[in-house]
Engineer: 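Shown below is the structure under consideration.
These values consider heavy atoms only, across backbone and side chains, with no hydrogens, waters or symmetry-generated copies.
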Amino acid sequence: MRMIALVLLLATALPATGDERCVGEIPCPLGERSYHVKEPDGWDGVTPLPVLMHFHGWQRQGTLIVKHGRISGATRRAGVLLLAPNGRGRTWTFRDAGSEDIAFGRAVLADAAKRYPIDRDRIYVSGYSYGSAMAWRFACAAGADVTALLAISGTLRQNEECPAPVDVRHVHGLSDTVMDFPMGPGGDELFPVALWRRVNGCAGAPVGPRHWAVTQHDAFRRFVWSDCASGKPVRLDLHDRGHFIPRGWIAQQLEELLAQGSLFLPQSRIA
């Protein structure tokens, strides 16, 4: 009995190996590259999981994403599996339609599906800053496999070609000078999603603006194109501030997507 107790004690003291260690800040290896995973709170280990694959900003890595309260805090509480790929050289090749990071993102999803039961009907792709532009690039290339795009403060050129429509949610600050707000001709503030409106066949005027807020400082004007030929809506949230991840924005998008919620929040939502 003493020997058994000693073995058990040593086993708990030794570091985990293999797939057991592939969680949180410990990366999942994938060829020469890697990604990070954060499981949702209270997951039973069996139920298929919605997925949010989030591309980090310039000079960041997935280690930050799995600790970020506005990202992993949102996925943990929503019951969503968070995947955080690591960009080569801490950045992304989003400007190139043939970017190697598209194949890498696909490989991350495929590898995660070997480790977890994934809900293929709920694959969400997100990103911030350079990572947002990469999320746009990935959605453009792999739109048929992407349920929704949650993009924060970063776009592609609006004349890019995307083969498949995607349910789009984009937020951008009018005072952003890092990934400059993509103002359209004549001061068109709705221009940041012109690409997706074209791809989704959203010919009509949007509904909005409707005002909603998470905190007194994180307030938005929302525009929604819901009469799109693709059947997939495009949403644009605008705020007057600069380059950052708005508090509660990702959490709200996940809540709406998972609940297949209404187009708008109440006029004011202060938390």
Engineer: Between Y130 and W92, is the gap from one ring center to the other below 6.0 Å?
Structural biologist: no
Engineer: Could you check H172, H170, H239, H243 and say which one makes a ring pair (Phe, Tyr, Trp, His ring centres under 6.0 Å) with F181?
Structural biologist: H172
Engineer: Should R137 and E160 count as an ion pair when the cut-off is N to O under 4.0 Å?
Structural biologist: yes
Engineer: With distance as the sole test, does R77 use its side chain to make a donor-acceptor pair with the main-chain N or O of G73 at under 3.5 Å?
Structural biologist: yes
Engineer: In the structure I gave you, are the side-chain heavy atoms of L150 and L254 within less than 4.5 Å of one another anywhere?
Structural biologist: yes
Engineer: Contact between D176 and L174 at the side-chain level, heavy atoms closer than 4.5 Å - yes or no?
Structural biologist: no
Engineer: Do the non-hydrogen side-chain atoms of T63 and H36 ever get within less than 4.5 Å of each other?
Structural biologist: yes
Engineer: Test L149 against every option in V193, V234, V166, D167 by the side chain to side chain contact (heavy atoms under 4.5 Å, CB included) rule and name the one that passes.
Structural biologist: V166
Engineer: Is the backbone of P192 close enough, under 3.5 Å, to the side chain of Q158 for a donor and an acceptor to pair up by distance?
Structural biologist: yes
Engineer: For the residue pair H56 and P85, what are the closest heavy atoms and their distance?
Structural biologist: CD2-O, 3.2 Å
Engineer: Please walk me through it: do Q252 and W212 pass side-chain contact (heavy atoms from CB on, under 4.5 Å)?
Structural biologist: CA-CA 11 Å; Q252 183 58 44; W212 67 279; 3.8 Å; yes
Engineer: How far apart are the closest heavy atoms of V171 and P246, and which atoms are they?
Structural biologist: CG2-CG, 4.3 Å
Engineer: Rounded to the nearest 0.5 Å, what's the gap from CD1 on I102 to OG1 on T93? Could you check?
Structural biologist: 7.5 Å
Engineer: Step by step, work out the side-chain contact (heavy atoms from CB on, under 4.5 Å) result for V66 and V37.
Structural biologist: CA-CA 7 Å; V66 295; V37 176; over 6 Å; no
Engineer: Which value, rounded to the nearest 0.5 Å, describes the distance between I65 atom CD1 and R70 atom CZ?
Structural biologist: 12.5 Å
Engineer: Minimum heavy-atom separation for L30 to V108, with atom names?
Structural biologist: CD2-N, 3.7 Å
Engineer: Same cluster or not: L64 versus Y128, using hydrophobic residues (I, L, V, M, F, W, Y) connected whenever any side-chain heavy atoms lie under 4.5 Å apart?
Structural biologist: no
Engineer: If hydrophobic clusters are built from ILVMFWY residues whose side chains come within less than 4.5 Å, do F191 and L195 share one?
Structural biologist: no
Engineer: So, does D218 use its side chain to make a donor-acceptor pair with the main chain of R247 at under 3.5 Å?
Structural biologist: yes
Engineer: Could you walk me through whether V214 and W249 pass side-chain contact (heavy atoms from CB on, under 4.5 Å), step by step?
Structural biologist: CA-CA 8 Å; V214 177; W249 188 83; 5.9 Å; no
Engineer: I'd like to know if the side chain of S230 reaches the main chain of N200, judged simply by a donor and an acceptor atom lying under 3.5 Å from each other, with no hydrogens or angles considered.
Structural biologist: yes
Engineer: Taking all non-hydrogen atoms of both residues into account, name the closest pair between A164 and A144 and its distance.
Structural biologist: CB-N, 3.7 Å
Engineer: State the CH2-CH2 distance between W196 and W136, to the nearest 0.5 angstrom.
Structural biologist: 7.0 Å
Engineer: Can you name the nearest heavy-atom pair linking G204 to D227, along with the distance?
Structural biologist: CA-OD2, 3.9 Å
Engineer: Walk me through it: do D96 and S99 pass the test side chain to side chain donor-acceptor pair (under 3.5 Å)?
Structural biologist: CA-CA 5 Å; D96 181 6; S99 167; over 6 Å; no
Engineer: Could you report the tightest heavy-atom contact between T155 and A133, atom names first, then the distance?
Structural biologist: O-CB, 3.6 Å
Engineer: Would R235 pass as a cation-pi partner of F223, given that its NZ or CZ must be under 6.0 Å from the six-membered ring centre and within 45 degrees of the axis?
Structural biologist: no
Engineer: Between CZ of F55 and CG of L83, what distance do you get to the nearest 0.5 Å?
Structural biologist: 9.5 Å
Engineer: Is there side-chain contact between R197 and L190, with at least one heavy-atom pair below 4.5 Å?
Structural biologist: yes
Engineer: Tell me whether R221 contacts the main-chain N or O of H211 through its side chain, where contact means a donor paired with an acceptor under 3.5 Å.
Structural biologist: no
Engineer: Rounded to the nearest 0.5 Å, what separates atom CG in D240 from atom NE2 in H217?
Structural biologist: 13.5 Å
Engineer: Can you tell me which residue pairs pass the disulfide bond (SG atoms under 2.5 Å apart) test with a partner in residues 76-118, sequence neighbours excluded?
Structural biologist: none
Engineer: Kindly state each residue pair satisfying disulfide bond (SG atoms under 2.5 Å apart) with at least one member in residues 88-176, sequence neighbours excluded.
Structural biologist: C140-C162
Engineer: Return yes if some donor-acceptor pair links the side-chain N/O of S126 with the main-chain N/O of A151 below 3.5 Å, else return no.
Structural biologist: no
Engineer: Scan for side chain to side chain donor-acceptor pair (under 3.5 Å) pairs involving residues 142-152, sequence neighbours excluded, and state none if there are none.
Structural biologist: none
Engineer: Would R222 and E256 pass as an ion pair if we require N to O under 4.0 Å?
Structural biologist: yes
Engineer: Does H68 reach the main-chain N or O of S72 with its side chain, forming a donor-acceptor pair under 3.5 Å?
Structural biologist: no
Engineer: Does atom CZ of R60 have more than 12 heavy-atom neighbours, drawn from other residues, nucleotides or ligands, at distances under 6.0 Å?
Structural biologist: no
Engineer: Is there side-chain contact between D119 and V51, with heavy atoms separated by less than 4.5 Å?
Structural biologist: no
Engineer: Is the distance between the ring centroids of Y116 and W43 under 6.0 Å?
Structural biologist: yes
Engineer: CZ of R241: more than 12 outside heavy atoms within 6.0 angstrom?
Structural biologist: yes
Engineer: Applying side-chain contact (heavy atoms from CB on, under 4.5 Å) to R76 and E39, what does each step give before you reach the verdict?
Structural biologist: CA-CA 7 Å; R76 287 193 301 104; E39 298 175 359; over 6 Å; no
Engineer: At what distance, to the nearest 0.5 angstrom, does CD1 of I250 lie from OH of Y124?
Structural biologist: 13.5 Å
Engineer: Would D101 and R106 pass as an ion pair if we require N to O under 4.0 Å?
Structural biologist: no
Engineer: Using side-chain heavy atoms (C-beta onward) and a distance below 4.5 Å, is L81 in contact with P50?
Structural biologist: no
Engineer: For the side chain of S34 and the backbone of P29, is there at least one donor-acceptor N/O pair under 3.5 Å apart?
Structural biologist: no
Engineer: Side-chain contact, heavy-atom cut-off 4.5 Å: P206 with V224?
Structural biologist: no
Engineer: Taking side chain as C-beta onward, heavy atoms only, is R169 less than 4.5 Å from D237?
Structural biologist: no
